[in-house]
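Quick note: residue numbers are just sequence positions, from 1.
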Amino acid sequence: MKKITILFILGLTIIIGCKSQKNIHAKNKIDQVEYSVGAVLWQQSSAEYRALCYQAFNLAKLQLDKALKDWEHVNKPKAIITDIDETVLDNSPYSGKQIVLNEEFTEARWTNWVERKEAKSVPGALDFLTYANQRGVAIFYISNRSVSHTDATLANMKALGFPNADKAHLLLMDKSSGKEMRRAKVQASHQILLLLGDNLSDFDDVFENSGTESRHKSADQLQLAFGTKFIVLPNPMYGDWEINGIYEGNYQLNAQEKKAMRLKKVKHY
Ligand SMILES: [Mg+2]
């Protein structure tokens with residue numbers, strides 16, 4: 001009888017131990033997605049997000065009209081270079097899905113979203129690019145979507161009515177995520193009037209793989225380009241500011257380590 005009681009207590013201890021272990025894991029998983037809820041809700045629900053996008057494209061239109069006059073004497077076809085994700089296509093439902101599934105970025109889930117071809121236009125993007133194209137400006141889409149996503153990306157953009165949504169104007173990530181080579185390719189045949197993006201490496205190579213301090217310094221040095229040649233769209237959900245800035249380029253961090261890095265980087269008095 002004594003033996004049975006000891007075994008029972010031992011069994012109970014193991015069960016309780018396993019349960020509390022499970023709770024720790026569940027808590028870690030909650031931490032992992034809870035972090036992005038505010039950013040996703042802001043993009044999806046705030047009228048301020050929409051207003052900032054309209055502001056960016058209103059400014060882009062003014063600068064385009066000016067650039068067309070400024071570069072009139074140059075006998076070269078004119079072009080705009082634009083990023084795709086969070087610049088002309090809104091992928092916040094993908095980030096929403098990550099929250100619902102309590103899951104970090106996975107290539108498989110991202111591919112699933114891209115192949116659904118359900119992304120909507122960022123507010124104002126379609127109108128602006130249509131206007132530019134009607135004024136004879138070619139639109140080149142330089143994006144770090146994978147080349148394997150070419151057909152789905154074009155189908156999504158064509159269905160929304162984006163101009164130049166074809167293989168000749170789409171430069172996706174092949175080998176390098178750096179965009180400088182692809183920008184140079186467009187520049188070889190076209191006069192680039194404007195660049196549009198949500199991530200500063202969409203504009204200049206100086207932002208490639210650089211940390212927070214260096215990104216700030218480069219942004220300060222290029223301050224006159226923002227709102228003139230570079231049109232920046234808001235993206236609170238993800239970007240180099242997080243990967244290269246907050247996590248210092250370390251892609252191997254687990255959820256707990258990321259949380260610790262985030263808390264360490266918060267400035268306070
Ligand atoms: Mg982007």
Side-chain angles (χ1 to χ4, degrees), residues 35-67 80-99 105 113 118-133 135 137 139-145 156-157 160-163 179 192-204 206-207 210 212 215-246 262 265-267:
Y35 163 59
S36 59
V37 169
V40 174
L41 284 178
W42 186 78
Q43 179 153 324
Q44 294 180 338
S45 306
S46 75
E48 287 78 4
Y49 166 74
R50 303 183 75 76
L52 279 171
C53 295
Y54 289 129
Q55 179 172 275
F57 289 114
N58 287 341
L59 188 54
K61 187 170 175 284
L62 283 176
Q63 296 298 357
L64 177 74
D65 291 342
K66 184 180 179 301
I80 283 174
I81 289 179
T82 182
D83 170 53
I84 294 179
D85 296 314
E86 270 43 73
T87 300
V88 300
L89 291 185
D90 172 6
N91 297 291
S92 64
Y94 164 74
S95 299
K97 191 74 172 175
Q98 284 183 280
I99 290 168
F105 177 87
W113 162 247
E118 289 173 3
K120 302 278 191 292
S121 170
V122 163
L126 181 59
D127 286 349
F128 169 67
L129 292 180
T130 303
Y131 170 80
N133 195 238
R135 293 215 56 188
V137 177
I139 316 299
F140 286 90
Y141 300 94
I142 299 186
S143 160
N144 281 346
R145 285 191 174 199
N156 192 160
M157 294 180 71
L160 292 168
F162 277 100
K179 293 185 168 181
I192 299 167
L193 304 181
L194 288 179
L195 293 99
L196 278 65
D198 65 293
N199 200 33
L200 293 183
S201 53
D202 294 330
F203 303 101
D204 195 298
V206 75
F207 294 105
S210 63
T212 302
R215 300 180 91 246
H216 280 204
K217 206 174 154 195
S218 302
D220 293 345
Q221 282 165 350
L222 286 166
Q223 63 180 285
L224 294 178
F226 299 113
T228 49
K229 192 168 183 184
F230 301 162
I231 304 294
V232 190
L233 276 300
N235 175 8
M237 302 188 300
Y238 62 89
D240 286 352
W241 66 270
E242 184 186 24
I243 297 168
N244 294 326
I246 309 302
R262 290 196 296 269
K265 299 288 173 82
V266 170
K267 290 174 186 163

For the residue pair Gln44 and Pro93, what are the closest heavy atoms and their distance?
NE2-N, 3.7 Å

Minimum heavy-atom distance between Ser218 and Phe207, given as atom pair plus value:
CB-CE2, 3.4 Å

Rounded distance (nearest 0.5 Å) linking atom CD1 of Ile246 with atom OG1 of Thr212:
5.0 Å

State, with a plain yes or no, whether a side-chain heavy atom of Trp113 is found less than 4.5 Å away from one of Glu118.
yes

Stepwise side chain to side chain contact (heavy atoms under 4.5 Å, CB included) check, Asp83 with Lys179
CA-CA 10 Å; Asp83 170 53; Lys179 293 185 168 181; 3.0 Å; yes

Reported OG-to-NE2 distance for the pair Ser210 and His216, which is rounded to 0.5 angstrom:
10.0 Å

Can you find a heavy atom in the side chain of Asn235 that is under 4.5 Å from one in the side chain of Asn199?
no

How long is the straight-line distance from CZ of Phe140 back to CD1 of Ile81, given to the nearest 0.5 Å?
8.0 Å

Quick check for you: to the nearest 0.5 Å, what is the distance between Leu196 atom CG and Ile231 atom CD1?
6.0 Å

When you measure from the side chain of Asn156 to the backbone of Ala119, do you find a donor-acceptor pair of N or O atoms at a distance under 3.5 Å?
yes

Distance, nearest 0.5 Å, that separates NZ of Lys120 from OG of Ser92
10.0 Å

Please list all pairs meeting salt bridge (Lys or Arg N to Asp or Glu O under 4.0 Å) that have one or both residues in residues 46-67, counting only residues at least two apart or in different chains.
Asp65-Arg135, Lys66-Asp70

Between Ser45 and Trp42, is there a donor-acceptor pair closer than 3.5 Å when you use the side chain of the first and the backbone of the second?
no

Smallest separation among heavy atoms of Gly161 and Thr130, with atom names:
O-OG1, 4.5 Å

Indicate yes or no for a side-chain donor-acceptor contact from Gln43 to the backbone of Val40 under 3.5 Å, with no hydrogens or angles considered.
no

Please examine the side chains of Phe57 and Val122, heavy atoms only from C-beta on, and report whether any two atoms are closer than 4.5 Å.
yes

Does any non-hydrogen side-chain atom of Phe226 lie less than 4.5 Å from one of Leu200?
yes

Could you tell me how the ring of Tyr94 sits relative to the ring of Phe105: parallel (under 30°), tilted (30 to 60°) or perpendicular (over 60°)?
perpendicular

Using a 4.5 Å cut-off on heavy atoms from C-beta on, say whether the side chain of Gln63 contacts that of Leu193.
no

Side-chain heavy-atom pair Leu89, Leu160 within 4.5 angstrom cut-off:
yes

Least distance between heavy atoms, Asp202 atom then Gly197 atom
OD2-CA, 3.3 Å

Side chains of Phe162 and Thr82 in contact at under 4.5 Å (non-hydrogen atoms):
no

Tyr238 meets the side-chain hydrogen bond (donor to acceptor under 3.5 Å, both in side chains) criterion, sequence neighbours left out, with Glu86

Using the rule given for side chain to side chain contact (heavy atoms under 4.5 Å, CB included), can you reason through Leu222 versus Val206, listing the C-alpha separation, both sets of side-chain angles and the distance that settles it, and then say yes or no?
CA-CA 10 Å; Leu222 286 166; Val206 75; 4.2 Å; yes

Indicate yes or no for a side-chain donor-acceptor contact from Thr87 to the backbone of Asp198 under 3.5 Å, with no hydrogens or angles considered.
yes

How long is the gap from CD on Gln221 to CG on Asp204, to the nearest 0.5 Å?
10.0 Å

Between Val232 and Phe203, does the side chain to side chain contact (heavy atoms under 4.5 Å, CB included) criterion hold? Intermediate values first, please.
CA-CA 9 Å; Val232 190; Phe203 303 101; 4.0 Å; yes

Specify the closest pair of heavy atoms between Ile99 and Ser36, including all atoms of both residues, with the distance to one decimal.
CG1-OG, 3.8 Å

Is the closest side-chain heavy-atom distance between Phe128 and Leu64 below 4.5 Å?
yes

Looking only at heavy atoms, the pair that brings Trp241 and Pro236 closest together is CZ2-O, 3.6 Å

